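As structure tokens, the structure follows; a few thoughts come after it.
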Amino acid sequence: MSVDIDTVPAGGAARKAIKFPLYRTALGFVRDPLQQLERMGEEAGGRLMRVGLGASRPYLATDPEDVEQVLRYQSERFDRSGLYWRPIRDLMTDSILDEGPGWDASKRTLQPVFSLHNTKKLTALMAEAINGAVDGLEEHARGGTPVDMLQEMYLIINETVVKVLFGDKITRAEADVMIPPLQQIVIRIAYRFLFPFMPRSVPMPGDRAFRNAVEAMDASLFALVERYRDDPGEGNDIFTALCRASNEDGGPVDDRWIRSNLLATFGASNETTTVALTWLWPLLNRNPEVGEKLHEEARRVVGTGRVSADHLPELRYTKQVVQELLRIFPVGWLFSRVATEDTVLSGVRIRKGDTVLVSPFVTQRMKSIWGEDARSFNPDRFEPERARRYHRYAYFPFGGGPHQCVGRHIVQAEAQLILAAIFSRFHTRPADGAEMPKPQVGLTLRPDKPIMMTLDPIQRSA
Ligand code: HEM
């Protein structure tokens with residue numbers, strides 16, 4: 001249901017946004033930005049907020065109806081321009097993470113790769129990669145050595161993402177070379193994302209490391225483009241689709257466009273999925289009954305064999321765990337839009353050029369929506385009957401509307417398969433206490449300290 005701005009009474013908006021001036025929030029933002037945002041969300045009770053951040057005063061929409069207006073119904077009146085998107089746009093102009101004609105062309109090319117039909121084919125490839133990667137945990141388990149779960153999740157997810165991105169077109173060694181620069185890019189770009197008002201000319205921490213990482217990544221990506229551009233062959237992967245695409249005149253596409261879309265999808269997939277799955281372990285330390293149910297399901301469905309795409313429909317509880325994990329720790333925790341014309345949100349007039357932020361982190365933890373226990377980890381919330389009662393935009397870890405995450409089906413399948421592979425083979429326990437780490441704001445929400453776990457192999461009778 002789209003909003004007609006003429007319904008606002010002449011002479012101004014019917015309502016005003018609730019204001020949070022910088023002098024009231026600065027200390028809270030410095031101490032713990034996420035807690036400050038959550039507090040403001042509770043205080044505003046779903047009303048549109050105007051947040052003083054010094055150089056700018058963006059709106060923050062937390063009510064599901066408003067979020068849906070911004071991302072879906074009024075998506076033509078809001079775009080991904082503005083300072084918050086600038087670092088990403090600078091790095092990947094015309095890619096699927098941009099706006100305008102470059103985004104259109106990228107979306108047209110990539111959408112079929114992420115269709116349900118193609119995702120099923122990719123899932124089989126992912127299962128194979130996951131089984132191989134989880135084999136790598138055996139050695140740690142046999143030796144009883146604690147593992148850093150973020151690093152382990154990264155290794156497992158990278159194996160699977162590389163399959164989705166490149167199919168069989170790159171070697172293991174070529175993929176490994178790209179990991180350190182990719183991690184650097186994602187970590188370093190966060191400074192620009194968190195301080196968007198800093199002019200490009202003002203140096204920020206990590207600028208040099210960022211530039212070096214981009215250079216290294218470009219060397220790898222352009223070499224691959226050069227090798228396959230003219231003869232991409234067959235494949236259901238992203239790289240093949242990009243190489244086979246043609247531009248508007250039917251000619252071959254630009255090398256840089258292929259490179260930027262590879263970087264966009266590589267960056268958007270590895271870090272997000274890794275960080276999301278890493279949060280599961282400290283949550284399980286505090287909620288052992290959830291771990292028990294995961295074990296029970298994995299043993300019943302997968303048994304002593306290898307996980308496969310055929311197991312997915314039976315991994316129902318595992319699916320709920322993944323959904324709840326992305327409610328409590330939505331790694332794409334905040335994103336923005338800029339109004340391209342005057343409009344209205346909940347009766348509040350928004351001027352052309354105003355920034356509106358939406359935050360899955362805030363909305364998905366609001367007590368008015370999720371109840372008094374909103375902050376506790378309870379996968380039963382996603383029992384199908386119960387989940388249907390929530391507003392579609394009470395839960396939007398993958399965004400919504402035209403820019404909704406194209407990788408969402410892949411993430412869901414990948415996460416279920418990884419958990420089933422691990423829980424059918426290992427028991428896990430915290431190696432250094434069950435203290436809950438804190439999420440650190442950046443492009444995603446990395447834990448503020450390593451999460452060390454010990455894995456014990458499950459004795460198999462077969
Ligand atoms: C837990 C994992 C993930 C989370 C939480 C996540 C979250 C998101 C969110 C919130 C958006 C919307 C951005 C906006 O509205 O401006 C988005 C877009 C996108 N995501 Fe993901 N994502 C995840 C994994 C992936 C994966 C695995 C891929 C690719 C294989 C991917 C590729 C993309 C792309 C290409 C877009 C841009 C779509 C467009 O603008 O049309 N993401 N993601």
Side-chain angles (χ1 to χ4, degrees), residues 61 67-68 70-72 75 78-82 84-85 88-89 92 94-100 102-111 113-115 118-119 122-123 125-126 153-154 157-158 160-167 186 193 236-239 241-242 260-280 322-338 355-361 363-364 393 395-419 443-446:
V67 174
E68 186 166 32
V70 175
L71 297 184
R72 184 177 170 206
S75 60
F78 291 98
D79 74 6
R80 290 198 294 205
S81 58
Y84 288 90
W85 281 95
I88 301 226
R89 265 199 337 266
M92 310 164 200
D94 282 341
S95 77
I96 191 157
L97 289 176
D98 202 347
E99 233 1 312
W103 174 75
D104 280 339
S106 308
K107 189 86 171 184
R108 252 196 329 273
T109 304
L110 291 178
Q111 193 80 55
V113 181
F114 294 99
S115 67
N118 201 50
T119 302
L122 290 172
T123 313
L125 280 179
M126 287 196 301
M153 293 296 107
Y154 206 95
I157 284 155
N158 191 53
T160 62
V161 165
V162 162
K163 284 278 171 217
V164 172
L165 247 81
F166 299 103
V186 174
F193 174 71
N236 304 312
D237 55 277
I238 290 175
F239 186 30
L242 290 169
S260 293
N261 273 306
L262 283 175
L263 191 53
T265 39
F266 214 169
S269 46
N270 264 23
E271 168 78 6
T272 47
T273 319
T274 300
V275 173
L277 279 190
T278 301
W279 280 108
L280 180 65
V322 176
Q323 289 170 313
E324 175 69 345
L325 185 62
L326 285 170
R327 182 186 73 82
I328 291 265
F329 289 111
V331 287
W333 59 283
L334 179 81
F335 45 101
S336 74
R337 294 290 187 267
V338 170
T355 297
V356 180
L357 303 172
V358 293
S359 170
F361 187 87
T363 301
Q364 293 175 188
Y393 282 78
Y395 179 76
F396 60 107
F398 297 114
H403 287 300
Q404 179 164 213
C405 178
V406 288
R408 62 196 184 283
H409 299 303
I410 289 191
V411 174
Q412 186 64 52
E414 181 184 19
Q416 277 173 258
L417 291 175
I418 291 173
L419 297 187
L443 262 193
T444 61
L445 293 177
R446 283 183 165 227

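Just follow the structure's listing: the first ligand is 1, and inside any ligand the first atom is 1. From a predicted model like this one, the values you see are computed outputs, not experimental measurements.
A distance-only check finds a donor-acceptor pair linking the side chain of Ser359 to the backbone of Trp333 [under 3.5 Å]. For Glu68 (side chain) and Gly400 (main-chain N/O), no donor-acceptor pair under 3.5 Å exists by modelled atom type. No side-chain donor-acceptor contact under 3.5 Å links Ser106 to the backbone of Leu97. Thr265 places a side-chain N or O within 3.5 Å of a backbone atom of Leu262 that can act as its donor or acceptor partner. A donor-acceptor pair under 3.5 Å is absent between the side-chain atoms of Tyr393 and the main chain of Leu71, judged by distance alone. Here the side chain of Thr273 pairs no donor or acceptor atom with the backbone of Asn270 at under 3.5 angstrom. With hydrogens and angles disregarded, a donor-acceptor distance shorter than 3.5 Å links the side chain of Glu99 to the backbone of Arg80.
Listed by number with element, the atoms of ligand 1 under 4.0 angstrom from any heavy atom of Trp85 are 16 (O). Each of the atoms 5 (C) of ligand 1 lies under 4.0 Å from some heavy atom of Val331. Which parts of ligand 1 touch Lys107 is read off a 4.0 Å heavy-atom cut-off, strictly below it: atoms 39 (C), 41 (O). Here is the list of ligand 1 atoms found below 4.0 Å of a heavy atom in Leu97: 36 (C), 37 (C). Atoms of ligand 1 found under 4.0 Å from any heavy atom of Gly399 (numbered from 1 in listed order, with element): 10 (C). Counting the atoms of ligand 1 from 1 in the order shown, those under 4.0 Å from a heavy atom of Val406 are 32 (C), 33 (C), 34 (C), 35 (C). Atoms of ligand 1 found under 4.0 Å from any heavy atom of Pro397, numbered from 1 in the order shown, are 5 (C), 7 (C), 10 (C).
Contacts between Phe114 and ligand 1 below 4.0 angstrom, taking non-hydrogen atoms only, involve the side chain exclusively.
Looking at atom 1 (C) of ligand 1, its nearest protein heavy atom turns out to be Val411 CG1, 3.7 Å. Ranking the protein heavy atoms by distance from atom 26 (C) of ligand 1 puts Ser269 CB, 3.4 Å first. Summary of contacts: the protein heavy atom closest to atom 23 (C) of ligand 1 is Thr272 OG1, 3.5 Å. Counting only heavy atoms of the protein, atom 6 (C) of ligand 1 lies nearest to Phe398 CD2, 3.7 Å. Looking at atom 17 (C) of ligand 1, its nearest protein heavy atom turns out to be Cys405 CB, 3.4 Å.
Distance check: His409 NE2 to Leu122 CG gives 12.5 Å after rounding to the nearest 0.5 Å. A distance of 6.0 Å separates CZ in Arg337 from CH2 in Trp85, rounded to the nearest 0.5 Å. Atom OG1 of residue Thr160 and atom CG of residue Leu417 lie 9.5 Å apart, to the nearest 0.5 angstrom.
The shortest N or O to N or O distance between Arg80 and ligand 1 is below 3.5 Å. Between Trp103 and ligand 1, at least one pair of N/O atoms sits closer than 3.5 Å. At under 3.5 Å, a nitrogen or oxygen of His403, whether backbone or side chain, sits near a nitrogen or oxygen of ligand 1.
At least one heavy atom of Pro402 sits under 4.0 Å from some atom of ligand 1. Ligand 1 has Ile96 within reach: a non-hydrogen atom of the residue lies less than 4.0 Å from it. At least one heavy atom of Arg337 sits less than 4.0 Å from an atom of ligand 1.
Taking the six-membered ring where tryptophan is involved, the planes of Phe335 and Phe396 are perpendicular, since the angle between them exceeds 60° and thus also 30°.
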Check the pair Phe266, Val161 against side-chain contact (heavy atoms from CB on, under 4.5 Å), reporting the backbone distance first and the verdict last. CA-CA 8 Å; Phe266 214 169; Val161 165; 4.0 Å; yes

